[in-house]
Amino acid sequence: MQVEKLEKTLPSVIEKLEKLKVGDSLAAELSWCWVSFKNDNNPVGVIEKSQKAISLFKEIRETNSRAVSKKLIEDLEKSLN
């Protein structure tokens, strides 16, 4: 996990989740997991919620390719590797 890249990418991911009003409380959960990670350095929650966001974004792109940018998905995937 590349913390610097994730730190730059996550605000956009959270904003997009909130804007699309999808994933129930995924945006809030991801935000909470990020703050928790910064405090305890345990990446499990951030990775899990980020992977859920990636899956959700890919599903949305199948029906509407303009709803979520390919770059946002790629950036999130790269930051997790």
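The first residue in the sequence is number 1, and the count goes up from there.
- Distance OG1/T9 to CD1/I73: 12.5 Å, rounded to 0.5 Å.
- The shortest heavy-atom contact between C33 and K49 is SG-CG, 3.8 Å.
- Under the 4.5 angstrom side-chain criterion for Ile, Leu, Val, Met, Phe, Trp and Tyr, V35 has no cluster partners at all.
- Heavy-atom contacts from other residues, nucleotides or ligands closer than 6.0 Å to CD of E74 number more than 12.
- Side chains of I14 and W34 form no contact here, defined as non-hydrogen atoms less than 4.5 Å apart.
- Between the side chain of S31 and the backbone N or O of A27, no donor-acceptor pair lies under 3.5 Å.
- The line from CG of L30 to CD of E48 is 10.5 Å long, rounded to the nearest 0.5 Å.
- In this structure the side chain of L76 never reaches within 4.5 angstrom of the side chain of L72, judged on heavy atoms.
- The backbone N or O of V3 sits nowhere less than 3.5 Å from a side-chain atom of K8 that would complete a donor-acceptor pair.
- F37 contributes atom CZ, which lies 8.5 Å from atom CG of N42 (distance to the nearest 0.5 angstrom).
- In plain terms, the two heavy atoms of V13 and A53 that are nearest each other are CG1-CB, 4.1 Å.
- The shortest non-hydrogen separation linking S69 to R61 is C-NH1, 3.9 Å.
- Taken from OG in S65 to NZ in K70, the straight-line distance is 10.5 Å, to the nearest 0.5 Å.
- When side chains are defined from C-beta on, K5 does not count as touching D75, because their heavy atoms never get closer than 4.5 Å.
- Looking at heavy atoms from C-beta onward, K58 lies in side-chain contact with E77 at the 4.5 angstrom threshold.
- The backbone N or O of V46 lies less than 3.5 Å from a partner atom in the side chain of S50, making a donor-acceptor pair.
- A heavy-atom distance below 4.5 Å is found between the side chains of L80 and I54.
- A salt bridge is defined here as a Lys NZ or Arg NE, NH1 or NH2 lying under 4.0 Å from an Asp or Glu carboxylate O, and K38 with E7 meets this definition.
- The distance from atom CG of L26 to atom CD of E18, rounded to the nearest 0.5 Å, is 10.5 Å.
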